[in-house]
Amino acid sequence: MRNFLITGGAGFIGSNFVRYLLAHYPDYRVIVYDKLTYAGNLTNLADVSHDPRYAFVRGDICDANLVEQTICDYAIDTIVNFAAETHVDRSILNPGAFIQTDVVGTYVLLEAARKHRIERYHQISTDEVYGHIPPGRYATETDPVAPRSPYAASKAGADLLVLAYWTTYGLPVTITRGSNNIGPYQYPEKVVPLFVTNALEGKPLPVYGDGRQMRDYQWVGDHCEAIDLVLHRGQPGEIYNIGSGQEIENLTMVHILLDELGAPTSLIQHVEDRPGHDRRYALDISKIRSLGWEPRHDCEAAIRRTVRWYRENEWWWRPIKEGEFREYYEKMYGNRRKLVIGN
Ligand code: NAD
Ligand code: DAU
């Protein structure tokens with residue numbers, strides 16, 4: 001592994017992973033391939049953009065010709081696919097974009113990887129493919145997929161394709177399924193950056209339904225370390241869950257966030273729930289632990305560290321909230337019925 005193609009590398013987790021790779025491996029070359037959708041942002045990579053080991057190609061993963069050209073131009077031997085449409089609420093508004101990028105785009109990358117004999121194809125997947133996990137249970141890698149949103153279904157479809165390329169063609173693939181990531185450079189449509197930035201602006205925090213849904217909020221840097229481990233020590237054909245191994249209610253997350261900011265709980269506003277909202281995600285992370293990885297942050301530490309980053313980096317998120325985001329926010333939240341629920 002020397003020449004990495006990082007698709008979706010201008011997004012949240014991808015840009016953190018690019019920075020991680022360049023910092024830890026002096027002899028690796030990192031080529032970011034990204035369409036720069038509303039979620040892609042070259043500012044996320046500004047601090048590495050002059051590194052001679054880094055290059056950027058603007059392109060769509062559905063564009064087979066450009067993908068293959070890039071693989072040849074940079075002698076790519078490893079592909080890590082972060083590129084995706086990623087927001088569940090947007091997948092409810094417009095599922096087509098998710099099928100196109102998350103399923104068809106993955107197929108295009110797999111075909112290119114097969115043709116050019118790529119040494120490792122790594123797919124970044126999500127705990128959402130397991131669907132709602134009943135209390136007391138933890139999803140293991142051998143569980144069947146049971147996705148319930150268009151986003152989760154498109155990611156599950158991609159995972160099945162990736163596994164089929166291992167079984168059918170022997171393409172050396174690995175898959176990681178991560179829980180909710182938080183940290184620097186996350187687009188403020190996702191709940192934690194949305195709520196921190198709303199609170200900093202003195203705006204309400206729109207909690208869906210009763211707010212008692214459970215999520216495993218993990219620090220993005222921990223996720224990057226685990227992906228690195230799977231790339232170097234994981235077995236081809238295998239799936240690895242990655243999370244903090246802990247899950248908390250959304251309302252608990254909100255209270256930690258407000259406490260870190262010193263902001264009032266009166267900002268909490270319960271609103272109409274997300275259709276088909278998965279109540280609980282919970283991962284069994286014993287398999288990645290057995291490779292020697294441990295998360296460095298629990299959910300609370302990850303939330304507090306994230307809050308501090310957004311408080312200190314208004315230059316990054318303020319312009320984003322002025323642009324496309326405003327229209328989206330109005331469409332998504334403008335007509336949402338307010339609910340009266342005790343906190
Ligand atoms: P993001 O939305 O911040 O970034 C996605 C990136 O992909 C953007 O830079 C965007 O421009 C790019 N992109 C989108 N469509 C593309 C296309 N057709 N061709 C090329 N580039 C395209 O996403 P993220 O939160 O960083 O998630 C990255 C990956 O991790 C995704 O595959 C997602 O499903 C997965 N994941 C995310 C989380 C999370 O909590 N954020 C958790 C588990 C897994
Ligand atoms: O679990 C991994 C997944 O985490 C990733 O695969 C997805 O790409 C990522 O978007 C994320 O999905 P979620 O739907 O869990 O994340 P989101 O930040 O949208 O919501 C987290 C929880 O907060 C969820 O229970 C819904 C709730 N929520 C979200 C928003 C945006 C609210 O209560 N209010 C909100 O305004």
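Quick caveat: nothing in here was measured; it's all calculated off a predicted structure. Counting from 1, the numbers follow the sequence of the chain as shown. Note that ligands are numbered from 1 as they come in the structure, with each ligand's atoms numbered from 1 the same way.
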Undergrad: Check for me whether Met332 has a heavy atom closer than 4.0 Å to any atom of ligand 2.
TA: no
Undergrad: Check ligand 2 against Thr86 and write out every atom of the ligand that is under 4.0 Å from a heavy-atom position of the residue.
TA: 7 (C), 8 (O), 9 (C), 10 (O)
Undergrad: Which of the atoms of ligand 2 are close to His87, meaning less than 4.0 Å from one of its heavy atoms?
TA: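 Listed by number with element, the hits are 19 (O).
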Undergrad: Given a heavy-atom cut-off of 4.0 Å, could you list the residues near ligand 1 in chain and number order?
TA: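 Within the 4.0 Å shell of ligand 1, which is judged on heavy atoms, sit Gly8, Ala10, Gly11, Phe12, Ile13, Asp34, Lys35, Leu36, Thr37, Ala39, Gly40, Gly59, Asp60, Ile61, Phe82, Ala83, Ala84, Thr86, Thr101, Ile124, Ser125, Thr126, Tyr151, Lys155, Gly178, Ser179, Asn180, Asn181, Gln186.
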Undergrad: Is ligand 2 less than 4.0 angstrom away from at least one heavy atom of Tyr217?
TA: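 Within the 4.0 Å threshold, so yes.
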Undergrad: Restricting to ring-ring contact (aromatic ring centres under 6.0 Å, His included), what partner residues turn up for Phe4, sequence neighbours left out?
TA: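 Result, ring-ring contact (aromatic ring centres under 6.0 Å, His included) vs Phe4: Tyr28.
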Undergrad: How long is the span from the OH atom in Tyr74 to the CD1 atom in Ile31, to the nearest 0.5 Å?
TA: 5.5 Å
Undergrad: Taking NZ, NE, NH1 and NH2 as the nitrogens, is one of them in Asp27 or Arg2 under 4.0 Å from a carboxylate oxygen of the other?
TA: yes
Undergrad: Specify the protein heavy atom at minimum distance from atom 16 (O) of ligand 2: its residue, its atom name, and the distance to 0.1 Å.
TA: Asn180 ND2, 3.4 Å
Undergrad: State yes or no: are the ring centers of Phe17 and His122 separated by less than 6.0 Å?
TA: no
Undergrad: Going by atom types only, do Glu85 and Thr101 share a side-chain donor-acceptor pair under 3.5 Å?
TA: no
Undergrad: Please work out, at 4.0 Å between heavy atoms, whether the side chain, the backbone, both, or neither of Lys190 comes within that distance of ligand 2.
TA: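 Under 4.0 Å from ligand 2, Lys190 contributes backbone and side-chain atoms.
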Undergrad: Should the pair Asp278-Arg215 be classified as a salt bridge under the 4.0 Å nitrogen-to-oxygen rule?
TA: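 Salt bridge between Asp278 and Arg215, a charged N being under 4.0 Å from a carboxylate O: no.
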Undergrad: Can you find a non-hydrogen atom of Lys155 under 4.0 Å from ligand 2?
TA: no
Undergrad: Taking N or O atoms only and a 3.5 Å limit, does Val88 qualify as a polar contact for ligand 2?
TA: no
Undergrad: Please could you name the atoms of ligand 2 that Asp127 approaches to less than 4.0 Å, counting only its heavy atoms?
TA: 1 (O), 2 (C)
Undergrad: Heavy atom under 4.0 Å from ligand 2: found in Leu194's side chain, backbone, both, or neither?
TA: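 For Leu194, the contact with ligand 2 is made by the side chain alone.
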Undergrad: Could you tell me whether Glu68 and Lys115 have a side-chain N and a carboxylate O separated by less than 4.0 Å?
TA: yes
Undergrad: For Glu189, take its heavy atoms, then give the atoms of ligand 2 lying under 4.0 Å from any of them.
TA: 31 (C)
Undergrad: Does Arg137 qualify as a cation-pi partner of Tyr130, given the criterion of NZ or CZ under 6.0 Å from the six-membered ring centre and within 45 degrees of its axis?
TA: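 Not satisfied by the 6.0 Å and 45° rule.
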Undergrad: Quick one: does ligand 2 sit under 4.0 Å from the side chain of Asn250, the backbone, both or neither, non-hydrogen atoms only?
TA: side chain
Undergrad: Which of the atoms in ligand 2, numbered in the order shown and given with their element, are less than 4.0 Å from a heavy-atom of Tyr333?
TA: 30 (C), 31 (C), 35 (C), 36 (O)
Undergrad: For ligand 2 and Val192, I'd like to know whether there is a polar contact (N/O to N/O, distance under 3.5 Å).
TA: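 Min N/O separation from ligand 2 is not below 3.5 Å for Val192.
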Undergrad: Nearest protein heavy atom to atom 34 (N) of ligand 2, by residue and atom, and its distance?
TA: Pro206 O, 2.8 Å
Undergrad: Any ion pair linking Lys155 and Asp102 (charged N to carboxylate O, less than 4.0 Å)?
TA: no
Undergrad: For Asp216 and Gly243, indicate whether the former's side chain and the latter's backbone hold a donor-acceptor pair under 3.5 Å.
TA: no
Undergrad: Is it the case that Arg336 places NZ or CZ above or below the six-membered ring of Tyr208, under 6.0 angstrom from the centre and within 45 degrees of the axis?
TA: yes
Undergrad: Only heavy atoms of Phe195, strictly under 4.0 Å: list the atoms of ligand 2 that pass.
TA: 34 (N), 36 (O)
Undergrad: Mark up the atoms of ligand 2 that fall under 4.0 Å of a heavy atom belonging to Val207, in ascending order.
TA: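 Result: 33 (O).
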Undergrad: Which protein heavy atom lies closest to atom 3 (C) of ligand 2, and at what distance to 0.1 Å?
TA: Glu128 OE2, 3.0 Å
Undergrad: Hey, does Arg274 come in under 3.5 Å of ligand 2, counting only N/O atoms on both sides?
TA: yes
Undergrad: Just to be sure I read this right, does ligand 2 sit under 4.0 Å from the backbone of Ala84, its side chain, both, or neither, counting only heavy atoms?
TA: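 Looking at Ala84 and ligand 2, no heavy atom falls under 4.0 Å.
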Undergrad: Quick check: Thr126 and ligand 2, any N/O pair under 3.5 Å apart?
TA: yes
Undergrad: Can you find an N/O atom of Tyr208 closer than 3.5 Å to an N/O atom of ligand 2?
TA: yes
Undergrad: Mind checking whether Tyr310 and Trp316 have parallel, tilted or perpendicular rings, split at 30° and 60°?
TA: perpendicular
Undergrad: Does the Gln186 side chain pair with the main chain of Asn181, one donor and one acceptor, at a distance under 3.5 Å?
TA: yes
Undergrad: Looking at the rings of Tyr121 and Trp166, which for Trp means the six-membered one, are their centres under 6.0 Å apart?
TA: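 When the ring centroids of Tyr121 and Trp166 are compared, they turn out to be at least 6.0 Å apart.
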Undergrad: I'd like the name of whichever of His277, Gln213, Met253 reaches closest to atom 24 (C) of ligand 2 through any heavy atom.
TA: His277
Undergrad: Checking a contact table here: which protein heavy atom is nearest atom 5 (C) of ligand 2, and how many Å away?
TA: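 Nearest protein contact, heavy atoms only, for atom 5 (C) of ligand 2 is Tyr151 OH, 3.5 Å.
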Undergrad: Which distance, rounded to the nearest 0.5 Å, do you find between the CG of Asp89 and the NZ of Lys331?
TA: 12.5 Å
Undergrad: Identify the protein heavy atom lying closest to atom 18 (O) of ligand 2, giving its residue, its atom name and the separation to 0.1 Å.
TA: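 Looking at atom 18 (O) of ligand 2, the protein heavy atom closest to it is Val191 N, 2.8 Å.
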Undergrad: Is Glu322 paired with Arg326 through a side-chain N to carboxylate O contact shorter than 4.0 Å?
TA: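 Salt bridge between Arg326 and Glu322, a charged N being under 4.0 Å from a carboxylate O: yes.
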Undergrad: Is NZ or CZ of Arg280 both nearer than 6.0 Å to the six-membered ring centre of Tyr138 and within 45° of the ring axis?
TA: yes
Undergrad: Mind checking the NE2-CG spacing from His87 to Asn94? Nearest 0.5 Å is all I need.
TA: 13.0 Å
